[in-house]
Amino acid sequence: MRHWLMKTEPSEFSLEDLKRRPGQTGGWDGVRNYQARNNLREMRPGDRVLFYHSSVKVPAIVGTATVAREAYPDASAWDPKSGYHDPKASRDNPIWAMVDVKFESEFPRPVSLPELRTLPALKDMFLIRKGMRLSVQPVTPGEFEAIVRAAQAPPPPA
């Protein structure tokens with residue numbers, strides 16, 4: 001089993017949206033970065049995912065999910081009406097991939113990006129690195145567990 005972090009804008013697809021889906025499962029589509037796509041292709045069912053809300057006042061990890069289906073072609077790339085359309089992609093040359101994720105848990109409290117930066121166990125985490133903007137990135141088991149523990153603990157003093 002591997003561990004991942006997936007960034008999403010909650011106005012597009014939030015943890016609450018995933019919880020409301022049938023079977024609490026949804027497709028993670030629209031990734032248009034080659035490295036993030038390659039990370040999607042590495043995912044396997046059962047891999048655990050940290051669900052990160054970005055592009056909000058206080059970005060934070062808000063819960064967990066699991067990979068429910070390994071990578072398959074992202075058909076939104078073929079749809080000219082989609083905001084994720086890529087004219088170079090086709091059924092014969094899909095280019096882009098997606099996975100299905102299943103809701104696992106909502107944290108008792110979000111773990112904000114500023115708080116993540118204070119946790120010694122996360123000093124080498126991709127998310128913390130300056131300029132790291134990948135929407136799908138690997139996480140070590142130790143980083144994953146440190147974040148889950150932080151979400152269970154009282155918030156740090158302000």
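By convention here, the first residue in the shown sequence is residue 1.
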As an exercise, state the distance from [atom1] of [X] to [atom2] of [Y], rounded to the nearest 0.5 Å.
X    : Y    : atom1 : atom2 : result
R48  : T66  : CZ    : OG1   : 8.5 Å
L18  : K102 : CG    : NZ    : 8.5 Å
D100 : E70  : CG    : CD    : 11.0 Å
E106 : E16  : CD    : CD    : 5.0 Å
D17  : L15  : CG    : CG    : 9.0 Å
R20  : S14  : CZ    : OG    : 5.5 Å

How far apart are the C-alpha atoms of L50 and T64, what are their side-chain angles, what is the distance that settles it, and do they pass the side chain to side chain contact (heavy atoms under 4.5 Å, CB included) test?
CA-CA 5 Å; L50 292 166; T64 63; 4.2 Å; yes
Looking at [X] and [Y], what are the two nearest heavy atoms and their distance?
X   : Y    : value
A60 : S112 : CB-CA, 3.7 Å
K7  : M132 : NZ-O, 3.5 Å
P94 : A89  : O-CB, 3.6 Å
A97 : A71  : CB-CB, 4.2 Å

Is the side chain of [X] donor-acceptor paired with the backbone N or O of [Y] at a distance under 3.5 Å, no angle test?
X   : Y   : value
R37 : I95 : yes
D74 : M98 : no
E12 : E9  : no
R44 : R41 : yes

Check against side chain to side chain contact (heavy atoms under 4.5 Å, CB included), I128 and L119
CA-CA 10 Å; I128 307 299; L119 300 174; over 6 Å; no
Does some side-chain heavy atom of R129 sit less than 4.5 Å from a side-chain heavy atom of Q137?
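Counting from C-beta outward, Q137 and R129 never come under 4.5 Å.
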Taking a hydrophobic cluster as the set of Ile, Leu, Val, Met, Phe, Trp and Tyr residues connected by side-chain heavy atoms closer than 4.5 Å, whether directly or through intermediates, do [X] and [Y] fall within one such cluster?
X    : Y    : answer
V136 : V101 : yes
V139 : F126 : no
L122 : F107 : yes
Y52  : M6   : no
M43  : L5   : no

Take the angle between the ring planes of F13 and W28 and call it parallel below 30°, perpendicular above 60°, tilted in between.
perpendicular
Candidate pair V31 and Y84, rule side chain to side chain contact (heavy atoms under 4.5 Å, CB included), full reasoning
CA-CA 8 Å; V31 171; Y84 301 114; over 6 Å; no
Please check if the number of heavy atoms outside R133 that lie under 6.0 Å from its CZ is greater than 12.
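For R133, atom CZ is not crowded (no more than 12 foreign heavy atoms under 6.0 Å).
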Name the atoms and distances for all side-chain donor-acceptor pairs under 3.5 Å in residues 142-158, with sequence neighbours left out.
| residue | atom | partner | partner atom | Å |
| --- | --- | --- | --- | --- |
| E143 | OE1 | T140 | N | 2.9 |
| E143 | OE1 | T140 | OG1 | 3.4 |
| E143 | OE2 | M125 | N | 3.4 |

For V67 and R2: C-alpha separation, side-chain torsions, deciding distance, then whether side chain to side chain contact (heavy atoms under 4.5 Å, CB included) applies.
CA-CA 10 Å; V67 175; R2 296 186 66 188; over 6 Å; no
For W78, enumerate each residue passing the side-chain hydrogen bond (donor to acceptor under 3.5 Å, both in side chains) test, keeping only those at least two apart in sequence or located in another chain.
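Listed in chain order: nothing, the list is empty.
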With ring centroids as reference points, do W96 and Y72 lie under 6.0 angstrom apart?
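Not under 6.0 Å, so no.
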